[in-house]
Amino acid sequence: MKFATLLPNNWLAETPQALALMRIGRQSAERERISENNLALLKKNCRKNSFSSNLPTV
């Protein structure tokens, strides 16, 4: 089975080391984005919990 691959115009100029660095950069950016999303959710949950804890009990 053959698979088509889209390559950049300068794919011959890219060394394996350069490609590895690009991949590491993308992975790092993905981890950072996930961390920011998790932090935003954590802050949102903390705010929601702090509001509910201030309500009087009946």
Side-chain angles (χ1 to χ4, degrees):
M1 182 180 295
K2 293 184 180 181
F3 295 95
T5 305
L6 298 176
L7 297 172
N9 291 336
N10 63 342
W11 69 277
L12 286 175
E14 298 290 348
T15 63
Q17 292 86 0
L19 293 174
L21 288 174
M22 288 169 37
R23 184 174 58 250
I24 290 170
R26 283 194 304 271
Q27 291 170 346
S28 177
E30 178 70 14
R31 279 194 299 273
E32 185 176 345
R33 192 171 73 240
I34 290 170
S35 298
E36 289 172 355
N37 289 344
N38 287 343
L39 183 60
L41 286 174
L42 184 62
K43 285 180 179 179
K44 182 179 178 182
N45 286 338
C46 285
R47 283 193 302 265
K48 186 176 13 173
N49 289 339
S50 67
F51 288 135
S52 63
S53 65
N54 291 336
L55 295 175
T57 55
V58 179

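For K43, the side chain to side chain contact (heavy atoms under 4.5 Å, CB included) criterion is met by L39, R47, not counting sequence neighbours. The side chain to side chain contact (heavy atoms under 4.5 Å, CB included) check on E30 picks up R33, I34, with sequence neighbours excluded.
Using a distance-only test at 3.5 Å, with no hydrogens or angles considered, no donor-acceptor pair links the side chain of S28 to the main chain of I24.
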